[in-house]
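Hydrogens, waters and symmetry mates play no part in the numbers below; they use all other heavy atoms, side chains included. Because the structure is predicted, anything quoted here is derived from the model rather than measured. Sequence positions, counted from 1, serve as the residue numbers for this chain.
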Amino acid sequence: MELPPRLKQAVDQMLEHHSLDELSRASARLTSRYRSELRDGQFHINDAISAKAYIAARLPATFAAVRAALSMVEEAHADFVPKTMLDFGAGPGTALWAASDCWPGLEQAVMVEASPTIRAVGQSLSEGLSTVACDWRAGDVLKNSTDLAPADLVTLAYVLDEIEARDIAPVVARLWSLTLDTIVIVEPGTSAGWRRILDARRVLIDAGAHVVAPCPHAQNCPIVAPDWCHFARRVARSRLHRLVKQGDVPWEDEKYIFIAASRKPARTPAARVLAPPKTSSGMARLKLCRADGSAGEVVISRRDGDMFREARRADWGDSLGGPATESQGDDA
Ligand SMILES: C[S@@+](CC[C@H](N)C(=O)[O-])C[C@H]1O[C@@H](n2cnc3c(N)ncnc32)[C@H](O)[C@@H]1O
C-alpha cells in the first residue's frame with residue numbers, strides 16, 4: 001500500500017531540506033521509545049525533528065494499517081457513509097487521510113492532538129485535502145471536553161499504547177459517547193496491542209455496541225496467549241523512507257490490530273482469516289476466527305469444491321463465507 005499521491009507529495013515537500021542523518025537519528029529514537037512503550041511524561045513526538053521523522057518513517061505504515069482496518073469496516077458496514085469525523089491523537093492526520101480515501105464523501109473532521117509540533121505538521125499536510133473541512137484542536141484524550149460535538153466516525157489510532165492501562169476504559173467509554181455511528185481503534189499488532197484492543201472491545205460491547213470488524217462475533221475472544229490476534233499490511237517504502245530506516249528492501253510489513261464497533265448492527269462474515277494461509281495444489285490450511293465464537297485451524301481440500309476455491313484465494317485478514325449474521329449487541 002502507498003500513501004495517497006497528494007499526501008505523499010506534501011510529505012516529500014516537507015522533508016526535502018532535512019538532513020538524512022538527523023532524520024535517521026530521530027527515527028531511531030522514536031522507534032526505541034515506541035518499542036519500549038516508554039511513558040516518561042513526555043510526548044514521543046516532542047520536537048520538530050521527531051515530527052518530521054514520524055512522517056518519514058512511521059506515517060506510511062500507520063496509514064496502511066488504518067486504511068486496511070477501514071476497508072474491513074466498509075466491507076461489514078456497507079451502509080455506513082460518514083460525513084463527520086472526530087480523530088483523537090491525530091498526529092500528522094493519518095486517520096483523516098485514510099478515512100477520506102475510504103469515504104470520499106467525508107465533509108468535516110475535528111482533529112484532536114496534544115503535541116503542538118505534530119499538530120502543526122498535521123494541519124499543514126491537511127491543507128492538501130481540499131474535500132474535508134478540518135478543525136485542528138489542542139486537546140488531551142484523557143480529559144473531558146465539552147466543546148466536542150459527536151461525529152459519525154470516531155478514530156483513535158496508535159494512541160492507547162501512549163496512555164496508562166487504567167485510562168483505557170474511561171477513554172474508550174468517552175469516545176463511544178461521542179460516536180454517532182462507528183468507532184475504530186487501531187493499535188500496533190503486538191501481543192500488548194492486542195490486549196489493549198481486548199480491553200477496548202470489552203468496554204464497547206458492555207456499552208451495547210455492535211462489533212463491526214475484525215471479529216465475526218461479539219463473544220469472548222477465543223485466542224489464548226501466548227498467541228494473539230493481529231494482521232499485517234505490506235507498505236511500499238519510498239527511497240527516503242528506506243534511507244531514514246536504513247532498510248535494504250523497498251517494503252515493510254506493518255502489523256496491526258483493531259476493533260471497530262457501531263451503534264447499528266453490521267453484516268459480520270462467517271469467518272475471518274487470522275494468519276497467512278498455507279496452500280498446496282490440493283489443500284488449503286487456514287487459521288480462522290468463526291461467527292460462533294470459536295477459532296482454530298481448518299484444512300480444506302479440493303473435494304470441498306467452492307469452499308476450496310474461496311480458501312485458495314483467501315489472504316490473511318480476509319473474510320470468508322460472505323456476511324453470515326447481523327452482529328449481536330443492544331441498540332444504543
Ligand atoms: C503514535 S502517534 C499516532 C498518530 C496517528 N494517530 C497515526 O496513527 O499515525 C500517537 C499520537 O497521540 C498523541 N497523544 C498521546 N497522548 C495523547 C493525549 N493524552 N491526548 C491527545 N493526544 C495524545 C501523540 O502526541 C501522538 O501524536
Side-chain angles (χ1 to χ4, degrees), residues 30-45 54 58 61-70 72-73 86-91 94-95 98 112-115 140-143 153-179 182-207 209-215 217-233 253-262 272 274-275 289 295 317:
L30 268 183
T31 302
S32 133
R33 288 182 70 91
Y34 284 129
R35 288 219 173 117
S36 60
E37 299 201 348
L38 184 65
R39 291 188 194 97
D40 58 0
Q42 285 186 41
F43 296 121
H44 295 322
I45 309 173
Y54 190 89
R58 285 299 296 148
T62 60
F63 173 85
V66 178
R67 185 65 185 84
L70 297 185
M72 288 195 218
V73 172
L86 254 175
D87 182 36
F88 291 86
T94 319
V112 180
E113 168 57 54
S115 158
D140 187 338
V141 73
L142 300 177
K143 294 190 181 145
L153 171 67
V154 172
T155 48
L156 183 77
Y158 289 81
V159 181
L160 288 183
D161 62 338
E162 297 197 17
I163 68 178
E164 299 289 347
R166 63 171 179 270
D167 292 321
I168 291 179
V171 163
V172 172
R174 188 163 343 104
L175 267 46
W176 176 240
S177 74
L178 290 165
T179 305
T182 296
I183 183 168
V184 183
I185 303 175
V186 187
E187 280 289 286
T190 58
S191 59
W194 168 65
R195 283 192 299 273
R196 288 189 287 268
I197 288 294
L198 284 187
D199 290 346
R201 182 180 185 270
R202 173 54 41 217
V203 171
L204 292 167
I205 291 171
D206 287 350
H210 300 266
V211 171
V212 173
C215 328
H217 60 84
Q219 299 180 47
N220 286 340
C221 177
I223 305 297
V224 179
D227 192 9
W228 73 94
C229 181
H230 63 291
F231 305 98
R233 181 44 73 107
D253 288 324
E254 175 67 6
K255 296 197 171 70
Y256 68 98
I257 181 66
F258 74 101
I259 184 69
S262 172
R272 173 88 55 202
L274 293 190
C289 187

remark   = When every non-hydrogen atom of P214 is compared with those of I259, the smallest separation belongs to CD-CA, 4.2 Å

note = When every non-hydrogen atom of R201 is compared with those of C221, the smallest separation belongs to NH1-N, 3.9 Å

task = Please report the C-alpha distance between I185 and F258 in whole Å, then the side-chain angles of each, then the deciding distance to 0.1 Å, and finally whether the side-chain contact (heavy atoms from CB on, under 4.5 Å) criterion is met.
result = CA-CA 5 Å; I185 303 175; F258 74 101; over 6 Å; no

ask   = Which residues pass the side-chain contact (heavy atoms from CB on, under 4.5 Å) test with P170, sequence neighbours left out?
value = none

ask   = So, does S115 use its side chain to make a donor-acceptor pair with the main chain of I45 at under 3.5 Å?
value = yes

query = With T155, which residues qualify under side-chain hydrogen bond (donor to acceptor under 3.5 Å, both in side chains), at least two apart?
reply = D87

message = Which heavy atom of L175 sits nearest to which heavy atom of T179, and what is that distance?
response = O-OG1, 2.7 Å

ask   = With R58, which residues qualify under side-chain hydrogen bond (donor to acceptor under 3.5 Å, both in side chains), at least two apart?
value = E254

remark   = Between the CG atom in D140 and the CD1 atom in I163, the distance rounded to the nearest 0.5 Å is 9.0 Å

message = Side chains of R272 and F231, heavy atoms from C-beta outward: is any pair under 4.5 Å?
response = yes

inquiry  = As an exercise, state the distance from CG of L198 to OG of S191, rounded to the nearest 0.5 Å.
reply    = 11.0 Å

ask   = Of all residues at least two apart in sequence or in a different chain, which pass the salt bridge (Lys or Arg N to Asp or Glu O under 4.0 Å) check with R67?
value = D101

query = Who are the side-chain contact (heavy atoms from CB on, under 4.5 Å) partners of S262, not counting sequence neighbours?
reply = H77, D181, T182, V212, K264

remark   = For A64, the side-chain contact (heavy atoms from CB on, under 4.5 Å) test, sequence neighbours excluded, returns M1, R233, V235

inquiry  = Do H217 and C289 make a side-chain contact, defined as non-hydrogen atoms from C-beta onward lying under 4.5 Å apart?
reply    = yes

ask   = Does D253 have any salt bridge (Lys or Arg N to Asp or Glu O under 4.0 Å) partners at least two apart in sequence or in another chain, and if so, which?
value = R234

query = Of all residues at least two apart in sequence or in a different chain, which pass the side-chain contact (heavy atoms from CB on, under 4.5 Å) check with A295?
reply = P222, I223

request  = For W194, enumerate each residue passing the ring-ring contact (aromatic ring centres under 6.0 Å, His included) test, keeping only those at least two apart in sequence or located in another chain.
outcome  = none

key: V154 vs W176 side-chain heavy atoms within contact, under 4.5 Å   = no

Salt bridge (Lys or Arg N to Asp or Glu O under 4.0 Å) partners of E113, counting only residues at least two apart = none

request  = Write down the atom of Y158, the atom of K255, and the distance for their closest heavy-atom approach.
outcome  = OH-O, 4.0 Å

request  = Check V66, V159, T94 against V186 for a side-chain contact (heavy atoms from CB on, under 4.5 Å) and give me the one that passes.
outcome  = V66

task = For a side-chain contact (heavy atoms from CB on, under 4.5 Å) with L156, tell me which candidate from L86, V112, V141 qualifies.
result = V141

query = Who pairs with R195 by salt bridge (Lys or Arg N to Asp or Glu O under 4.0 Å), at least two apart in sequence or on another chain?
reply = none

remark   = Between R202 and N220, the two heavy atoms sitting closest are NH2-OD1, 3.0 Å

message = To the closest 0.5 Å, what do you measure between CG (D161) and CD1 (I168)?
response = 9.0 Å

task = Can you see which heavy atom on A200 is nearest to which on L160, and at what distance?
result = CB-CD1, 4.4 Å

key: Rounded distance [0.5 Å steps], CG in L70 versus CZ in F63   = 8.5 Å

inquiry  = Quick check for you: to the nearest 0.5 Å, what is the distance between T190 atom OG1 and W228 atom CH2?
reply    = 7.5 Å

request  = Taking side-chain hydrogen bond (donor to acceptor under 3.5 Å, both in side chains) as the test, write out the residues that go with R196, two or more places apart.
outcome  = E37, E187

